[in-house]
Protein chains: 2
Amino acid sequence: MSTPAMRADASQIYRRYLSAVMLHGHASARACELGATDLYALNILHLSGPMTPGELGTRTSLTTGPTTRLIDRLEQAGYVRRVPSPDDRRKVIVEPVGEPAGLDRVMAPARQKIGEILDGYSPEQLDVLFDYFTRAAAAYQAAAEQLRSEDGV
Amino acid sequence: MSTPAMRADASQIYRRYLSAVMLHGHASARACELGATDLYALNILHLSGPMTPGELGTRTSLTTGPTTRLIDRLEQAGYVRRVPSPDDRRKVIVEPVGEPAGLDRVMAPARQKIGEILDGYSPEQLDVLFDYFTRAAAAYQAAAEQLRSEDGV
DNA sequence: CATATTCTCTTCTTCAAAGAAGAGACATCT
DNA sequence: AGATGTCTCTTCTTTGAAGAAGAGAATATG
């Protein structure tokens, strides 16, 4: 279970898995007529929750001009909403709108396929999988954060 | 283990996981100074192996002009190589170069983190995880293919 | 052997998104 | 209360990638 040959194989499988996930992500973005940065920003919002345009700009490594228009596009497409900040009237809070129609429709087939796959596992096996999902999400998020800060240097 | 509440929670975890993976993918592309389409094409090549520019153009939904320049960029960055086809001298075969330096360096931190996570599981648990990776890769690939063909309609 | 088809590449044009600079509104500090 | 700083938005300019049309090289077919 841990011979070098097995390890190489495992690495191959994982690479393939990652490629497939990202491939599907790109295809989804294209099908939604959403730019790469738009989807990127949307992922940030879904992951970290509502935030100000300023912070979103920082996270996406964008200056204020493009950030405003990025939010304009997302808002116009119905993916996010601009809400005035309660404590500071200069600020605006951008929050994702639950279950946007377009993205949901596009992702549906994949979600169904994954659902069917997960249905085939026992409760104990699902525990393992979701434990992994939770840990991996944190790991990827941390790695992405790290890349972003290094990039700025 | 399967109450409605649990299911909603599971869906949430999975969404978060997917967002994190894609977030990291985008951050990696940006750190490599690689465009969205470039990374998309690279994923296709890693997933389906060497192919002609024509087929790559079809897969990326690009016309011949941008396809040529896409390959130019990838080749110049050292990610792919153009090889003359042995059976048809009009054709060119684009093949990924194993372990491109830039992408590898960028992905290293994430890979290490994931490696550490996987090290924490028993052989039986790893079997479950890699079984999932294999099945999910096929599912995502199929879903992406489906999106692409629908998009063309 | 000649014609038609296929494949890649080049060039020109068009379009979307990012950067730069500055204005207006609001908060904070003295 | 006045001055300074912060936040978002607007405008102009620039860059990068995508589409369209056609040329050149090689294969296949009659």
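As the structure is a prediction and not an experimental result, all values here were calculated from the model. Note: hydrogens, waters and symmetry copies are ignored here, and every other heavy atom, side chains too, is used. So you know, we letter chains A, B, ... as the sequences are listed, proteins then strands, and number each from 1.
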Rounded to the nearest 0.5 Å, what separation is found between the CZ atom of A/Arg16 and the CG atom of A/Leu23?
-> 11.0 Å
For the pair B/Gln125 (side chain) and B/Ser122 (backbone), establish whether a donor and an acceptor sit closer than 3.5 Å, ignoring hydrogens and angles.
-> yes
Measure from the side-chain heavy atoms of B/Thr52 and tell me the nearest of C/dT8, D/dA18, D/dC9.
-> C/dT8
Determine: side-chain N/O of A/Thr63 to OP1/OP2 of C/dG19, distance under 4.0 Å, yes or no.
-> yes
From the list C/dT10, D/dG19, D/dC7, which nucleotide is the closest neighbour of the side chain of B/Pro66?
-> D/dG19
Nearest 0.5 Å please: distance from the CG atom of B/Leu18 over to the OH atom of B/Tyr140.
-> 4.0 Å
Compare all side-chain heavy atoms of A/Val97 with those of A/Tyr79 and state whether any distance is below 4.5 angstrom.
-> no
To the nearest Å, how far apart are A/Arg69 CZ and C/dA18 C1'?
-> 8 Å
When rounded to whole Å, the CZ to C1' distance for the pair A/Arg30 and C/dA16 reads 14 Å
Scan A/Gly54 against the nucleic acid and name what it touches under 4.0 Å (heavy atoms): base, sugar-phosphate only, or nothing.
-> sugar-phosphate
With distance as the sole test, does A/Tyr132 use its side chain to make a donor-acceptor pair with the main-chain N or O of B/Tyr121 at under 3.5 Å?
-> no
Taking atom P of D/dC9 as reference, at what distance in whole Å does atom CG of A/Leu70 sit?
-> 11 Å
How does protein contact run along nucleotides 24-30 of chain C, one letter per nucleotide 5' to 3', with B for base contact, S for sugar-phosphate only, - for none, heavy atoms under 4.0 Å?
-> -BBS---
Which of residues 32-40 of chain B have a heavy atom under 4.0 Å from DNA chain C?
-> none
Distance in angstrom units between B/Leu56 CG and C/dT8 C1', rounded | 13 Å
Could you tell me whether the side chain of B/Ser48 and the main chain of B/Leu45 form a donor-acceptor pair under 3.5 Å?
-> no
In residues 71-85 of chain B, what residues come within less than 4.0 Å of DNA chain C, judged by heavy atoms?
-> B/Arg82
Indicate yes or no: does B/Lys113 engage B/Glu116 in a salt bridge with an N to O separation below 4.0 Å.
-> no
Closest to the B/Val92 side chain: C/dC12, C/dA21, C/dT8?
-> C/dT8
Could you work out which one of C/dT10, D/dG19, C/dC7 sits closest to the side chain of B/Leu62?
-> D/dG19
Is a side-chain donor or acceptor of B/Glu75 paired with a backbone partner of B/Arg82 at a separation under 3.5 angstrom?
-> yes
State whether the number of non-hydrogen atoms from other residues, nucleotides or ligands found under 6.0 Å of B/Glu33 atom CD is greater than 12.
-> no
Grab the two heavy atoms, one from B/Gly57 and one from B/Thr67, that are nearest each other, plus how far apart they are.
-> CA-OG1, 3.4 Å
Is a donor on one side and an acceptor on the other found under 3.5 Å between the side chain of A/Arg30 and the backbone of B/Leu147?
-> no
